[in-house]
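One structure is given here, and the rest of the page talks about it.
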4 protein chains.
Amino acid sequence: MRTGTGAGMPQRGAVGAEERIRAAAVRLWSERGFHGVGIRELAEEAGLSSATLYHYMGTKEDLLADVMSRGLRRLVLAAERVTQQRAGAGPRMNALVQLHVLTHALRPRETRVVDGELRALSGDRRGGVMSLRDEYERYWRATIDEGRASGAFRVEAPGMARLALLEMCTGVARWYDPGGPMALSEVALGHAQLASRVLGAEELELVDEVDWCRGLVGEIWSGPGGG
Amino acid sequence: MRTGTGAGMPQRGAVGAEERIRAAAVRLWSERGFHGVGIRELAEEAGLSSATLYHYMGTKEDLLADVMSRGLRRLVLAAERVTQQRAGAGPRMNALVQLHVLTHALRPRETRVVDGELRALSGDRRGGVMSLRDEYERYWRATIDEGRASGAFRVEAPGMARLALLEMCTGVARWYDPGGPMALSEVALGHAQLASRVLGAEELELVDEVDWCRGLVGEIWSGPGGG
Amino acid sequence: MRTGTGAGMPQRGAVGAEERIRAAAVRLWSERGFHGVGIRELAEEAGLSSATLYHYMGTKEDLLADVMSRGLRRLVLAAERVTQQRAGAGPRMNALVQLHVLTHALRPRETRVVDGELRALSGDRRGGVMSLRDEYERYWRATIDEGRASGAFRVEAPGMARLALLEMCTGVARWYDPGGPMALSEVALGHAQLASRVLGAEELELVDEVDWCRGLVGEIWSGPGGG
Amino acid sequence: MRTGTGAGMPQRGAVGAEERIRAAAVRLWSERGFHGVGIRELAEEAGLSSATLYHYMGTKEDLLADVMSRGLRRLVLAAERVTQQRAGAGPRMNALVQLHVLTHALRPRETRVVDGELRALSGDRRGGVMSLRDEYERYWRATIDEGRASGAFRVEAPGMARLALLEMCTGVARWYDPGGPMALSEVALGHAQLASRVLGAEELELVDEVDWCRGLVGEIWSGPGGG
DNA sequence: GATGAATGAGCATTCATTCAT
DNA sequence: CATGAATGAATGCTCATTCAT
């Protein structure tokens, strides 16, 4: 997808096209996978002809790389904010978890694509996406390390703990049902507590970051796509 | 896929064919997904022509349902054994976790297919697989309930804890690398400890079930396919 | 097949494509039957790739239904004209027979497909085609009934006579050879006479409708397809 | 299909196999056409495996040629009998028509295959079948010629009349319904009368040959297949 | 006599993609 | 900006047929 339209504000109907295409892709791919959805169906979902699609994107795989990169960049952006605005390993980790869980609960389609379609990317493009993912995970790694150094966390295998926590929190996008019995904030706070247990930091008080995170998610994920 | 060949020992190339097909499918699907692998490639991987494939299976989707059901039945079988042979919520949960982790670390391909291709199944067949998955999760649910009742576990939202734990342990199949820095037993015991923390049962002693589980996995997962 | 191209004159290769496809189908199917001709061969005969074929049609069966419906609609249209422009059972039947025979002699391929491939249509589509056929036969039925009522025809079993006559006249498409010994007008008039005998109306004078019918056939069957 | 089993009487289950195969072919082909039915379905209908089928027949096309030849030989045989046992063009034609109609009404499946699948036969085999058909039609031709010579028939174009009559009478196999409103004998006698009209021989008395023909059809068409 | 296993070629259909307009 | 037309390659699957047992 061509990088940017330059102007600061959407001007013509066409401006929304890229956005609509990405939205259609996310909707469809999150449900049936990259290989399970054809270009024609994608075009129909976006309200365009399949030929017009190619005006806005490169190949199908380019579109996937674009969608994944944008999603990951938003995750990175959010994690960066948390690090800037929350000090101390405990509060930071608490916020990171609540943010991750909220993002995955509020944006299950985007996150499922980001998390599950890496294998559909070939060599070169995969590398770029993986390094973005690593960039995101680095916030977790750093915070866990920090907590271990300060004595706030007690974990023997911090790498494994990080992976275990990420898998646990990412899983929310696979099972959370907004119409189900659990309130969103319960899930977020609940996972924050589980994380504190996993990290051996139970005595820490768990600040409720749900509203703040919700605002952050809203700010970062709404709008024309975080390009 | 037709049920069984009956005879006790593989005699001709044909005997192993069904098995070879399933193995090929697991290998390929775990890496590129159900929709990412064509019938011809599957056949080649199994050492057959694509026409011969259809001698042994119904449709491609039938094969997927077969592979998933067999995998899940093995998981159920193993969980059943744990429940029979380990008494008390703590020891049981400990064994369930170590078993799940070991299975996912030793059989990452099978478990990734089982866990990730549900969406490729259409209506009727999906139901069958989902009920098997529910059957498996019931062992976890029951054990958590038991531990909460006995006071061994302290969790506020047991449903969420179960899902969080399952996602966490299942994730092992996505990241564990046998050539990597972590020993398999460390991962298994490590997750058992994380689970005990998640469930608020830290004071419980964590019996090392790795060898026993390894035997169980070997017994249940080797052989002609757990039909 | 999409309805029409609107423009009054063929301009580019694409305009005639639908027409060319139907013509190819009629040519091939009339000789080897619907199931005897593959899509690739059809495409080749139409001068397109098999993928392009699907740009213009739905399924192969859709194309058959389209071809049959168009043929039958033309038959109906012609019979309607006869009924409007010829009064009295005798003259009408005479014209209907000559028209039917001429159509089947001049358009043996279209009529053979219309007459012989009903079984290749599945349920729903078959019904539509059958009702068109019934519509056409209704003109014969009505005319025979009229002739019986007026005393012009003497037949005991009018239903059987209608079927017998239709089979007899339709058969022309199966054996008439324009390069053979019989002139087209002889065949048409000859059948008109046989029909008058079958209906017990020998004393009636047989007007030669060959030229008029030929004009009608030319008018109705030429052109972009009678959609 | 290998020509004969030699012995005069069916001995083993296998003896019936060829017969069952032909019967299955006739059943299926008459409904969906030669190209519309696969070998596997044919085998299933005959109660055999598709491989076993090939024990009894050559290729699929060989089987078709066999089925068609046998049918036509039976038609020829019956026409021969008529010629031997009925003297005079009028009575002979009367019997030929009633026999043809009865055969097509009682054996619609066999006759539809005989009549409609010639195009599925390639070059060499088609010639053989066509000459059998010609042999059959020769009885009609000869009888019409005889009637014209003796003054019993008055037709101008005897060739066309023959074809018209054959098409008319053959059509019975396409529309006659034993459960419908017309009795079989009505159809047979009715067509005999239409034929006499077509041939300009109305003054001739129409002997009811239905019972005799029925016997002939029963004799010739029952039994192990008229090989 | 009968069949499971096997296959190359073919089936109807869809794929992602290009391009002239 | 947008699309209808076009296609080579691939899709999942079935074809008629052979052959060792």
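Per chain, numbering begins at 1; letters A, B, ... match sequence-line order.
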Practice task
With pairs defined as Watson-Crick or G-U wobble and both distances under 3.5 angstrom, please note down DNA chain E as a dot-bracket string, | for pairing with another strand.
Solution key: .||||||||||||||||||||

Practice task
Would you confirm whether Glu110(D), through its side chain, and Gly71(D), through its main-chain N or O, come within 3.5 Å as a donor-acceptor pair?
Solution key: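 A pair under 3.5 Å: no.
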
Handout entry: Under 3.5 Å: donor-acceptor pair, side chain of Arg20(A), backbone of Ala46(A)
Key =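 Such a contact is found between Arg20(A) side chain and Ala46(A) backbone.
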
Roughly, in whole Å, what's the span from [atom1] in [X] to [atom2] in [N]?
X	N	atom1	atom2	answer
Leu63(A)	dA16(E)	CG	C1'	13 Å
Trp29(A)	dA16(E)	CH2	P	10 Å
Glu18(B)	dA6(E)	CD	P	11 Å
Leu53(D)	dA5(E)	CG	C1'	17 Å
Arg32(C)	dG10(E)	CZ	P	13 Å
Leu28(D)	dA16(F)	CG	P	12 Å
Asp62(B)	dT14(F)	CG	C1'	15 Å
Leu48(B)	dG4(E)	CG	P	17 Å

Practice task
Please name all residues satisfying side chain to side chain contact (heavy atoms under 4.5 Å, CB included) with Val114(A), sequence neighbours left out, ordered by chain then number.
Solution key: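 Once residues adjacent in sequence are excluded, the partners of Val114(A) under the side chain to side chain contact (heavy atoms under 4.5 Å, CB included) criterion are Leu72(A).
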
Handout entry: Shortest side-chain distance from Tyr56(D), nucleotide among dG4(F), dA2(E), dT17(F)
Key =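 Per side-chain heavy atoms of Tyr56(D), the pick is dA2(E).
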
Problem - Out of dA5(E), dT3(E), dT18(F), whichever nucleotide has its closest atom nearest the side chain of His55(D) - result: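 The nucleotide sitting nearest to the side chain is dT3(E).
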
Exercise for the section: Under 4.0 Å between any heavy atoms, over every strand shown, what does Ser50(B) touch: base, sugar-phosphate, or nothing? Just pick one. Expected result: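 Base contact.
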
Handout entry: Any Tyr54(B) side-chain N or O less than 4.0 Å from OP1/OP2 of dT14(F)
Key =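 Negative; the distance criterion is not met.
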
Handout entry: For His35(A) against Ala120(A), the heavy-atom pair lying closest together
Key =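 Looking at all heavy atoms of both residues, the shortest contact is NE2-CB, 4.1 Å.
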
Exercise for the section: Select from Ala51(D) and Ala51(B) the residue whose nearest nucleotide in DNA chain E is closer to the 5' end of that strand. Expected result: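 In this pair, the answer is Ala51(D).
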
Handout entry: Pairwise 5' ranking along DNA chain F for Glu61(B) and Thr52(C), keeping only the more 5' one
Key =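 Looking at DNA chain F, the more 5' nearest nucleotide goes with Thr52(C).
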
Problem - Salt-bridge contact Glu45(B)-Arg27(B) (side-chain N to carboxylate O under 4.0 Å) - result: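 Looking at Glu45(B) and Arg27(B), the cut-off is met.
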
Handout entry: Side-chain ion pair, Glu41(C) and Arg32(C), N-O less than 4.0 Å
Key =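 Yes, charged N to carboxylate O under 4.0 Å.
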
Handout entry: Under the side-chain hydrogen bond (donor to acceptor under 3.5 Å, both in side chains) test, residues paired with Thr52(C) that sit two or more places apart
Key =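 Checked Thr52(C) against side-chain hydrogen bond (donor to acceptor under 3.5 Å, both in side chains); matches are Ser49(C).
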
Handout entry: Listed partners of Arg126(C) passing salt bridge (charged side-chain N to carboxylate O under 4.0 Å, His left out), at least two apart
Key =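 Partners of Arg126(C) by the salt bridge (charged side-chain N to carboxylate O under 4.0 Å, His left out) criterion come out as none, since no residue qualifies.
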
Practice task
Return the set of residues passing salt bridge (charged side-chain N to carboxylate O under 4.0 Å, His left out) with Glu61(C) (not counting sequence neighbours), or none when no residue passes.
Solution key: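 Salt bridge (charged side-chain N to carboxylate O under 4.0 Å, His left out) check on Glu61(C) returns Arg125(C).
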
Handout entry: Sub-4.0 Å heavy-atom contacts from residues 34-47 of chain C onto DNA chain F, ordered by number
Key =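 Here the set is Arg40(C).
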
